[in-house]
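Working notes, beginning with the structure itself.
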Amino acid sequence: MLLVRVATVSREVAATSSRSRKKALLAGLFREAEPADVPVVIPYLAGRLPQGRLGVGWKTLRGPVPAADGASLSVLETDRVLTALKAVSGPGSQAERVRLVTGLMSRATEEEQAFLIALLTGEVRQGALDAAAADGLAEASGAAPDDVRRAVMLAGGLAPVAEALLAEGPGALERFRLTVGRPVLPMLAQSAASAAEAVERLGGAAAVEEKLDGIRVQVHRDGDEIRIHTRTLDDITDRLPEVVAAARELGGERLILDGEVIALDEDGRPRPFQETAGRIGSRADVATAARAVPVSPVFFDVLHVDGRDLMDLPFTERHAELARLVPGPRRVRRAVVDGPGGAAEAERFLAATLERGHEGVVVKALDTPYSAGRRGAGWLKVKPVHTLDLVVLAAEWGSGRRSGKLSNLHLGARTADGGFAMLGKTFKGMTDELLRWQTERLQELAVEQHSWGVTVRPELVVEIAYDGLQRSTRYPAGVALRFARVLRYREDKPAAEADTVETLLAAHPAVAP
DNA sequence: TTCCGACAGTGGGGTCGCAAT
DNA sequence: ATTGCGACCCCACTATCGGAA
């Protein structure tokens, strides 16, 4: 198959807002693909590279390359070049990457170039990715959409399912079963404003579990063989020797466990997320990193035990197995609440959890199965929200559906000398109406136009929600906001009454520099 | 007919490893 | 030794389509 077919279909998918039309377009091309093309075409149309990321980003792709006149590049030739690109390393590798990319681009038409750039940067914004591709695959193969999605989730990706389905038909789906050693997409949680609201929404008995601010892991044990995967299924086994050792101490020979890895102090209090993340990101000298910042696994779910799949069982039953296999200190603390006092009890558990230094809680329905790969309504996370009144210092032009709108705000707090210190940026929490309004308002306040946006007179006050402070080397106060989002503008409030760096630091003494 | 679940898009800060400077 | 890029951790929120109610 020629690359131009994929590029054209991607453009057509992007052009329609109808999801059923997107699905039909994807299905059409899936049917058209030869068996040899399938492992490449399927990921391409889901906006992914079969090789994963290649070490090529915007900067590497910046040089414009004259486009080819006619479409001659095949999907498989493209894939061969990108496989070669992935293998490049060592001194001179950057020049070699540029050489390979330039060679590929020079053989591509303008439309193909645009698609390749989007693919390489991971920004194929066609309004249809994993879920749409799975549905398209179902339509193309005649399999039931739910069965395809389940197989994709169990396989950890679309490509193997697509190959089997298109070669053998719907019967091939039976092969995709939960397998120890093969990671499954983890279940995610929705958000709730309070523990009481979460209990209310679940309507009935619920488990309230502490939410640890670490790295999500899925641990597979097959006898002495241990594998550890992240939320995106990356294998990080080699970075976590102490977690491997801990997993060997558990009950059961063949297990799949879900949990969090976190750095704790001697007294069991959590260290800042930045320390856990730095430790788990360290690959070069694991032994040294592990001595400096040891981490612990803490589990909250189990998907498989010694030949029995537990994913479809109610949480209560899965947790009973977990308690049998994993000792208390290696399990997340929890309380089961029920009845009229349940909401209040959940709030008390949340308060106690925060007191111990943790991030919040996850409230879980007791009767729901493990919805792998989904943001299930049976898990609701609750974290405390802080707010500040900050001053807009600048705003950046948005992209995509926000083109032509001032979107990303630079946020400042007042300083002792009467100026403002930037604490971070945010683009979150804005409705289309608010984007329109702030674009107009900020243009009125603009003192300087840049290619990236505008700087403004520091007069507009905006109420910001955030999850906490983190240390920063980038911002002048030495701290930055974590997960900042807009709640509302405070036109009633002059900038002179906005919050100060001093009060912010006082509110987060543990993080203050 | 209205409601709501699921997806995709729009980007945020930090940290590490690696290559280039 | 420092700097810049890319990958990958953490992530919140809104708009929209289409099936559920």
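First the proteins, then the strands, lettered A, B, ... as listed; each starts at 1.
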Practice task
Using the six-membered ring of A/Phe273, assess whether NZ or CZ of A/Arg482 lies under 6.0 Å from its centre and within 45 degrees of the ring axis.
Solution key: yes
Completion exercise
Per the under-4.0 Å heavy-atom filter, residues of residues 380-407 of chain A near DNA chain C come out as A/Lys381, A/Lys383, A/Arg401
Practice task
Scan A/Phe273 against the nucleic acid and name what it touches under 4.0 Å (heavy atoms): base, sugar-phosphate only, or nothing.
Solution key: sugar-phosphate
Handout entry: For atom CG of A/Asp285 and atom P of B/dC18, their distance in whole Å
Key = 12 Å
Handout entry: side chain to side chain donor-acceptor pair (under 3.5 Å) partners of A/Thr353, counting only residues at least two apart
Key = none
Practice task
Could you check whether A/Lys428 gets within reach of a base, just the sugar-phosphate, or nothing at all, counting any heavy atom under 4.0 Å?
Solution key: base
Problem - Separation of B/dG5 P from A/Leu188 CG (nearest whole Å) - result: 17 Å
Handout entry: Stretch residues 114-144 of chain A: residues that reach within less than 4.0 Å of DNA chain C through a heavy atom
Key = none
Practice task
Hey, which sits more toward the 5' end of DNA chain C by its nearest nucleotide, A/Ser17 or A/Arg485?
Solution key: A/Arg485
Exercise for the section: Identify which nucleotide among B/dG14, B/dT10, B/dA6 has an atom closest to any side-chain atom of A/Ser472, counting heavy atoms from C-beta outward. Expected result: B/dG14
Problem - Residues touching DNA chain C, which here means a heavy atom under 4.0 Å, drawn from residues 18-25 of chain A - result: A/Ser18, A/Arg19, A/Ser20
Problem - Side-chain ion pair, A/Arg441 and A/Glu491, N-O less than 4.0 Å - result: yes
Practice task
Would you classify A/Ala277 as touching base, sugar-phosphate or nothing, given that sugar-phosphate means primed atoms plus P, OP1 and OP2, and contacts are heavy atoms under 4.0 Å?
Solution key: nothing
Practice task
Report the residues that fulfil side chain to side chain contact (heavy atoms under 4.5 Å, CB included) with A/Ala394, sequence neighbours left out, ordered by chain and then residue number.
Solution key: A/His410, A/Trp452, A/Thr455
Completion exercise
Counted 5' to 3', the first and last nucleotides of DNA chain C within 4.0 Å (strictly under) of a heavy-atom of chain A are C/dC5 to C/dG18
Exercise for the section: Examine A/Tyr466 together with A/His508 and report whether their ring centres are nearer than 6.0 Å. Expected result: yes
